[in-house]
Amino acid sequence: MHAGMSDLPIHIDQASVRAGDVTILDGVSLAIAPGKPTILVGPNGSGKSTLIRLCMGLIEASSGRITWGGRNNQGERCAMVFQRPVMLRRTAAANIDFVLASGSRSARDERIAQLLKQVGLERLRDRPARRLSGGEQQRLALARALALNPDVLFLDEPTASLDPAATKAVEDIIRSTSDAGIKIVMATHDLGQARRLAGDIAFLVRGKLTEYSTSEAFFTSPATPQAAAFLRGDLVL
Amino acid sequence: MSEGANAFDLIFSGEAKLYSIVALSLYVSVCAVALAAFVGFPLGAFLALSRFPGRSVLVVTMNAFMGLPPVVVGLVVFLLLSRSGPLGHWGILFTPRAMIIAQALLVLPIIVALSRQTIEDLWEEYRDELNAMRVGPVRCVVTLLWDGRFSLMTTLLAGFGRASAEVGTVILVGGNIDGFTRTMTTAIALETSKGDLPLAMGLGVVLITIVLAINAMAWGVRRVGELRAG
Ligand SMILES: Nc1ncnc2c1ncn2[C@@H]1O[C@H](COP(=O)(O)OP(=O)(O)OP(=O)(O)O)[C@@H](O)[C@H]1O
Ligand SMILES: [Mg+2]
């Protein structure tokens, strides 16, 4: 619809998300601009997934403001891979076909084959997607999100249940996707991965954006004691 | 024992009358379920996905109407279609059409209530993913109906079971006219009251066999489908 209009930059301005009397995100301000991947880190329950949902327009901010490419309406050119992706009740190939908007049958089949190959699932093309293993489903979800040709790709712990080889493969995909000009925003618990991929790091603690800096600054000289403790592997409360 | 033997004799002697009764029963119930599904699935999907004032009243009503007494539905349809009723000019009382309409009304709440539940549960699971894929509302409904197809098939079976088993509505609006609106259930009721137990038994056996066969077929379709689609 807005084929020409980018969803970038995404401006999050003092956004809070509350559910009942629980504050899940607390006055977060963040700009997501073109460039190297933005990586979200922080302890369990700190609000990473919620921040991604907010950016995707899946939930609304209780207060504060969010704009996509300067517009108030949520972007059409964002895609995401959920922490626990949902597979449609059809084959792996059909799950990708579902999001391929147009094109001839043969063009779509070619694109499906290419995407499946990219995530290393070409053998499982005709398997029911729901029968795939957790890691296979996560990779299929990545292929499905890439099929949307987004401007921004949100990844919620995309390698959490992958074996080392698949993790490396997905990191390669993330790198090449990023190099192709697609903005990556990713939550991860793997600090090594964050260091390998990040342009900048957003560090969340209990719903607050506690630190936001370049990857280098975050890992070499964290500005807050919480970030320093987090990097040491201490419990951050 | 001898009565049972008579019943089987009847079935396998290929009596034309018996077949016409069986055929009409199937025709009426299948049409009724198809009609109810045509209206009921979209309605169930709409109820599952929408939020509006009075929705819960409708949901509870549909759930309660799953247990509507057939005789009451028959009575209402009878009054609507009788010569002095609002739809009397259709002139379809005591025809198979009237029976189809009455059974469809009986089955509709089952289809709406069960499909609403199925689709709502599936929507709960799919909502974020479909929204993230920017799928429009109409395509959402189509996707949910398709992905819920195996559960929805069970809903159809439940509807068919209710339609094919009931006597009350078809006897009231059909009139149990020999060779025209006589179904298996109304024939069983009639033959039993006349004391022709062998024929009643034979029809009973046929009815149960048909219901079993249809369910077995549906089970097979579901197994194959689930193997292929998960
Ligand atoms: N709808 C909701 N109602 C109430 N609490 C919620 C809701 N959604 C999320 N929360 C809470 O908000 C907090 C943040 O959740 P979120 O999923 O964003 O964390 P996360 O940083 O992604 O954690 P993880 O690393 O475990 O994935 C959690 O404590 C969670 O229990
Ligand atoms: Mg999370």
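Within every chain, numbering begins at 1; the chains are lettered A, B, ... in the order of the sequence lines, protein sequences first and strands thereafter. Predicted, not measured: the structure shown is a model, and the values here were computed from it.
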Check your understanding: For the atom pair CZ (Arg90(A)) and CG (Asp147(B)), what is the distance rounded to the nearest 0.5 Å?
Key -> 4.5 Å
Exercise for review: Hey, could you give me the CG/CG distance between Leu144(B) and Leu88(A), rounded to the nearest 0.5 Å?
Suggested key: 9.5 Å
Study note, to complete from the structure: Between Arg89(A) and Arg149(B), the two heavy atoms sitting closest are O-NH2, 3.5 Å
**Study point:** Separation between CE of Met80(A) and CD of Glu129(B), rounded to the nearest 0.5 Å
**Key:** 8.0 Å
**Study point:** More than 12 heavy atoms from other groups under 6.0 Å of CZ on Arg125(A)
**Key:** yes
Revision key, fill the gap. Looking only at heavy atoms, the pair that brings Met133(B) and Val99(A) closest together is SD-CG1, 3.1 Å
Revision key, fill the gap. Looking only at Thr91(A), Leu148(A), Leu58(A), Asp126(A), the option with the highest number of non-hydrogen pairs under 4.5 Å against chain B is Leu58(A)
Revision key, fill the gap. One should read off an interatomic distance between Arg84(A) CZ and Asp128(B) CG, to the nearest 0.5 angstrom, of 11.5 Å
Study note, to complete from the structure: Whatever's closer than 4.5 Å to a heavy atom in chain B on Arg53(A) counts as side chain
Practice item. Could you tell me which portion of Phe98(A) (side chain, backbone, both or neither) has an atom closer than 4.5 angstrom to a non-hydrogen atom of chain B? Key: both
Practice item. Return yes when atom CD of Glu60(A) has more than 12 non-hydrogen atoms of other residues, nucleotides or ligands closer than 6.0 Å, and no otherwise. Key: no
Study note, to complete from the structure: Under 4.5 Å to a heavy atom of chain B? For Pro150(A) that would be neither
Review point. What part of Arg139(B) lies closer than 4.5 angstrom to a heavy atom of chain A: side chain, backbone, both or neither?
Key: side chain
**Study point:** Residue Arg51(B) excluded, over 12 heavy atoms near CZ under 6.0 Å
**Key:** yes
Point to revise | Cys78(A) to Arg134(B) - nearest heavy-atom pair and separation | key: CB-NH2, 3.8 Å
**Study point:** Heavy atoms from other residues, nucleotides or ligands near CZ of Arg127(A) exceed 12 (cutoff 6.0 Å)
**Key:** no
Check your understanding: Taking atom CD of Glu110(A) as the centre, does the number of heavy atoms from other residues, nucleotides or ligands within less than 6.0 Å exceed 12?
Key -> no
Practice item. Count the heavy atoms of every other residue, nucleotide or ligand shown that sit under 6.0 Å from CZ of Arg55(B), and state whether that count exceeds 12. Key: yes
